[in-house]
Amino acid sequence: MLSREELTYFKKELEEMKLQIESNFKSSSFEMNTLKDTQPKDEGDHASMERGHTIANTLMEKQAEKLEAIERSLKRIKNDSYGICDSCGEEIQVERLKVKVFADYCISCREVIEKETK
Ligand SMILES: [Zn+2]
């Protein structure tokens with residue numbers, strides 16, 4: 001089991017990450033709005049703007065996924081199930097949690113899931 005100190009540490013990490021992503025969201029939606037207001041001068045400009053939007057959208061999606069995982073972990077800390085693998089119910093190694101604070105699965109389950117989704 002994780003010690004109280006470790007839990008406090010992970011909770012702090014998660015909360016900081018959450019704040020970071022939320023402020024990223026605010027600033028990137030602001031950038032998107034300013035982009036919308038600038039009219040493209042010709043086709044070339046338009047194409048590069050489209051590309052910019054796609055990259056921004058992918059980044060936003062990644063961030064949104066990460067935010068969801070962080071919120072799941074914070075909920076788990078609240079109901080004392082943080083650090084337990086979502087698939088096999090075994091404890092996730094502390095070393096792994098330190099690398100990926102919002103990990104849902106232990107290393108062996110993660111590997112199985114990644115193989116299945118590929
Ligand atoms: Zn597992």
Side-chain angles (χ1 to χ4, degrees):
M1 279 299 276
L2 292 169
S3 68
R4 186 159 290 274
E5 286 75 28
E6 281 166 334
L7 271 180
T8 313
Y9 165 81
F10 287 127
K11 188 168 182 252
K12 202 171 147 263
E13 287 283 298
L14 286 162
E15 279 167 350
E16 273 169 19
M17 275 179 157
K18 194 182 159 190
L19 285 178
Q20 184 66 52
I21 293 176
E22 280 169 351
S23 70
N24 279 352
F25 270 142
K26 273 179 208 135
S27 58
S28 44
S29 56
F30 174 74
E31 274 164 37
M32 298 266 247
N33 286 336
T34 35
L35 264 179
K36 246 182 258 164
D37 291 337
T38 36
Q39 289 296 319
K41 287 181 211 87
D42 55 47
E43 278 303 300
D45 277 0
H46 193 72
S48 66
M49 264 181 67
E50 292 280 292
R51 253 200 308 279
H53 274 243
T54 317
I55 292 165
N57 282 340
T58 318
L59 280 177
M60 296 275 279
E61 270 168 34
K62 284 234 164 82
Q63 296 271 291
E65 276 172 26
K66 201 172 162 188
L67 189 61
E68 268 177 37
I70 291 170
E71 275 170 354
R72 274 201 301 275
S73 297
L74 281 169
K75 255 184 218 158
R76 288 203 187 115
I77 288 181
K78 257 189 205 160
N79 56 31
D80 286 330
S81 58
Y82 178 73
I84 308 283
C85 173
D86 216 23
S87 176
C88 67
E90 295 287 322
E91 280 176 31
I92 302 172
Q93 298 84 341
V94 181
E95 292 314 309
R96 169 160 165 76
L97 288 173
K98 278 182 184 154
V99 180
K100 201 180 170 196
V101 203
F102 47 86
D104 286 320
Y105 306 106
C106 68
I107 288 177
S108 32
C109 290
R110 176 84 261 174
E111 278 170 4
V112 173
I113 290 159
E114 270 171 11
K115 263 179 214 151
E116 279 171 1
T117 47
K118 255 173 208 165

- About how many Å separate CZ of R72 and OG of S81, when rounded to the nearest 0.5 Å? 12.0 Å
- Query: When rounded to the nearest 0.5 angstrom, what distance separates CG in L74 from CG in N79?
  - Reply: 11.0 Å
Show me, pair by pair, the donor-acceptor contacts under 3.5 angstrom made by side chains of residues 6-18, not counting sequence neighbours?
unit_1: E6; atom_1: OE1; unit_2: S3; atom_2: N; d: 2.9
unit_1: E6; atom_1: OE1; unit_2: S3; atom_2: OG; d: 3.3
unit_1: T8; atom_1: OG1; unit_2: R4; atom_2: O; d: 2.6

- Message: With clusters defined by side-chain heavy atoms of hydrophobic residues (ILVMFWY) lying less than 4.5 Å apart, directly or transitively, does V94 cluster with F102?
- Response: yes
- Which residues, ordered by chain and number, are linked to L59 in its hydrophobic cluster, where ILVMFWY side chains connect at heavy-atom gaps below 4.5 Å, directly or through other members? I55
- Would you call K75-E71 a salt bridge at under 4.0 Å N-O? no
- Note on the structure: To the nearest 0.5 Å, atom CD1 of I92 lies from atom CD of E90 at 10.5 Å
Tell me which donor-acceptor pairs under 3.5 Å the side chains of residues 82-89 have, and how far apart each pair is, sequence neighbours excluded?
unit_1: Y82; atom_1: OH; unit_2: V101; atom_2: O; d: 2.6
unit_1: D86; atom_1: OD1; unit_2: R76; atom_2: NH2; d: 3.4

- Item | Under the side chain to side chain donor-acceptor pair (under 3.5 Å) test, residues paired with R96 that sit two or more places apart | none
- Given the rule that I, L, V, M, F, W and Y join up when any side-chain heavy atoms are under 4.5 Å apart, are I70 and F25 in one cluster? yes
- Using a side-chain heavy atom cutoff under 4.5 Å and only I, L, V, M, F, W and Y, what cluster partners does I113 have? Y105
- Qualifying residues under side chain to side chain donor-acceptor pair (under 3.5 Å), relative to N24, sequence neighbours excluded: Q63
- Between OG1 of T58 and CD of E61, what distance do you get to the nearest 0.5 Å? 6.0 Å
- On a heavy-atom basis, the closest approach of R110 and K100 is NH1-NZ, 3.9 Å
